[in-house]
Amino acid sequence: MSKSQRTLVKKAVFNTLFFFRKFPALPYILRWLCISIIIGLLVGTASAGFLQSLEWATNFRENHLWLIALLPAAGFLIGLLYHYFGKDVEAGNNLLIDTIHEPRRIIPFKMAPFVYLGTIVTHFFGGSAGREGTALQMAGAIADQLTTPFKLDRNERKTLIIAAIAAGFGSVFGTPLAGAVFGLEVFLIGRIRYTAIFPAFASAILADWVTSLWNVKHTHYHIDAIPKLEFLPILYSILAGIVFGICAAAFSKIIHWMGSAFKSKIKYPPLRPVAGGIIIAIAVFAMGTTRYIGLGIPVIVESFEKQLPLYDFALKMIFTIVTLSAGFKGGEVTPLFFIGATLGSALSLFIPLPFGLLAGMGFVAVFAGATNTPLACMLMGIELFGAECGVYVAIACIASYLLSGHNSIYSKQKIGEAKNRRFESQQDRSISDFL
């Protein structure tokens, strides 16, 4: 190498070092962009496959209703699978949250196929469950396998799981902004981990984009009438938010209580979903309707179109609590959307706001109270229903969050900031301490 060439190399090295000193965040951004692209591709593809499978399972069941009679047998198979081969991943979403708090060994990859199979079987045979839990667990199990090849340390691994949760949530619901904030917000009540903000948003946006590339469509909701912002509509929104918060707290408390009841009464785990399956199957055939099983998307859409009866939300709550408490797989969030939307629509009997607006407010506010993620739910409302309803959605989410107390469907959530000064001594405690 000639002297002039050596001089050029030295100059290039100097300029590179100077550039990185001037922009110290660039290596971090480039590294996490690379990781986020991989997460987005893998999780977005997994979510697309899962959503298409779920649609097929739902349509097939609705055309072959005799399958619901086999729900107890299907529950037994799910119970056997997890009892003998999946005890280390049975905690589901709580395992992801626990890993963020205290990273230990890599989340076993088998969590992804196990929860996928368990959820498809649950829906195929008529259980009442959602899809968020499956999407998050698939995303977490897939993404955590990147820990070793990228040589991630303890704190970087926390960021990785947050990004995976954001990608799973954003892609399965088609709400990348809400997904990103949900990942940042869900594990620690009252605080957000801003060091993970770039990976969370990048992963959620990319995963949602990849899911859409697979031509997977998400449900759209429309609110016909939104009143002008005035004192009375705001007051009515607060009242509705209070009701949504009480509903969220009740759901969280009852589902944990019911889960404990199944465990205490039925010692052999595979028999728990058998008992739950018998209850659900008998109820479906006795009522002569499948309105309260599966995801319930048609009923959610209906709640935006007309005023629904009060019993819709209560029956969906009962079906979902029995299904998930017994050990069937799936998520709680889509059923919470159903519960909140139908409750909101029914509240228009007593609260003088448009039923469509109340349905939209309930859709996200009950979810906000049950997961302690008000910011993510505000964004979700705006992404799904439009910015025009943003203030009403925000009021309902905040009121629900505050009124739901220290309850959650995720028992491993920790209290970062207490909702009330009287409870500041409870900071850093887990929700499981209050169950």
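This one's a predicted model, so the numbers in the text were calculated from it and none came from an experiment. We number each residue from 1, following the sequence as shown.
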ask   = Do Ile39 and Leu206 have side-chain heavy atoms sitting under 4.5 Å apart?
value = no
task = May I ask you to check whether Lys329 and Thr134 show a side-chain donor-acceptor distance below 3.5 Å?
result = no
request  = Indicate yes or no for a side-chain donor-acceptor contact from Thr99 to the backbone of Leu95 under 3.5 Å, with no hydrogens or angles considered.
outcome  = yes
note = By salt bridge (Lys or Arg N to Asp or Glu O under 4.0 Å), Arg291 pairs with (sequence neighbours left out) Glu302, Asp312
ask   = In terms of the angle between their ring planes, are Phe385 and Tyr221 parallel, tilted or perpendicular, with boundaries placed at 30° and 60°?
value = perpendicular
task = Please confirm whether the backbone N or O of Val115 pairs with a side-chain atom of Tyr82, one donor and one acceptor, at under 3.5 Å?
result = yes
inquiry  = Are Phe338 and Phe319 an aromatic pair, judged by ring center distance below 6.0 Å?
reply    = no
message = Side chains of Asn407 and Ser404 only: does a donor on one sit below 3.5 Å from an acceptor on the other?
response = no
ask   = Any donor and acceptor pair, going by atom type alone, linking the side chain of His123 with main-chain N or O of Gly130 inside 3.5 Å?
value = yes
ask   = Where the side chain of Lys87 meets the backbone of Tyr84, is there a donor-acceptor pair that is under 3.5 Å apart?
value = no
query = Side-chain contact, heavy-atom cut-off 4.5 Å: Met111 with Asp88?
reply = no
message = For a 4.5 angstrom cut-off between non-hydrogen side-chain atoms, does Val366 reach Met317?
response = no
key: Ser47 side-chain N/O to Gly44 backbone N/O, donor-acceptor pair under 3.5 Å   = no
ask   = Quick one: do the Glu185 and Thr373 side chains pair a donor with an acceptor below 3.5 Å?
value = no
task = Could you check if a side-chain atom of Glu132 sits within less than 4.5 angstrom of a side-chain atom of Leu336, using non-hydrogen atoms only?
result = no
message = Within the 4.5 Å heavy-atom criterion, are Asn155 and Thr195 side-chain neighbours or not?
response = no
task = Please confirm whether the backbone N or O of Phe60 pairs with a side-chain atom of His64, one donor and one acceptor, at under 3.5 Å?
result = yes
request  = Could you tell me whether the side chains of Ser252 and Ser408 share a donor-acceptor contact shorter than 3.5 Å?
outcome  = no
query = Which class fits the ring pair Tyr116 and Phe50: parallel under 30°, tilted 30 to 60°, perpendicular over 60°?
reply = perpendicular
query = For atom CZ of Phe85, is the number of surrounding heavy atoms from other residues, nucleotides or ligands below 6.0 Å larger than 12?
reply = no
task = Flag yes if more than 12 heavy atoms outside Lys110 fall under 6.0 Å of its NZ atom; otherwise flag no.
result = yes
query = Quick one: are Phe169 and Met380 in side-chain contact, heavy atoms under 4.5 Å?
reply = yes
query = Would you say Tyr194 has more than 12 foreign heavy atoms packed within less than 6.0 Å of its OH?
reply = no
Sidechain-backbone polar pair: Arg272 side chain, Gly75 backbone, donor-acceptor under 3.5 Å = no
query = Has the side chain of Arg61 got a donor or acceptor atom that lies under 3.5 Å from a matching backbone atom of Leu67?
reply = no
task = Would you indicate whether the side-chain heavy atoms of Lys217 and Leu51 approach each other to under 4.5 Å?
result = no
key: Side chain to side chain, Asn372 and Gln413, heavy atoms closer than 4.5 Å   = yes
ask   = In terms of the angle between their ring planes, are Tyr268 and His83 parallel, tilted or perpendicular, with boundaries placed at 30° and 60°?
value = perpendicular
request  = Supply the atom-to-atom distance Ile415 CD1 to Ile431 CD1, rounded to the nearest 0.5 angstrom.
outcome  = 5.0 Å
ask   = Judged by atom type as modelled, is there a donor-acceptor pair below 3.5 Å linking the side chain of Ser303 to the main-chain atoms of Ile300?
value = yes
request  = Look at atom CH2 of Trp214 and say whether more than 12 heavy atoms of other residues, nucleotides or ligands are closer to it than 6.0 Å.
outcome  = no
query = Just by distance, do the side chain of Asn59 and the backbone of Glu55 share a donor-acceptor pair under 3.5 Å?
reply = yes
Which pairs of donor and acceptor atoms, one on a side chain in residues 352-363, lie under 3.5 Å apart (sequence neighbours left out)?
none

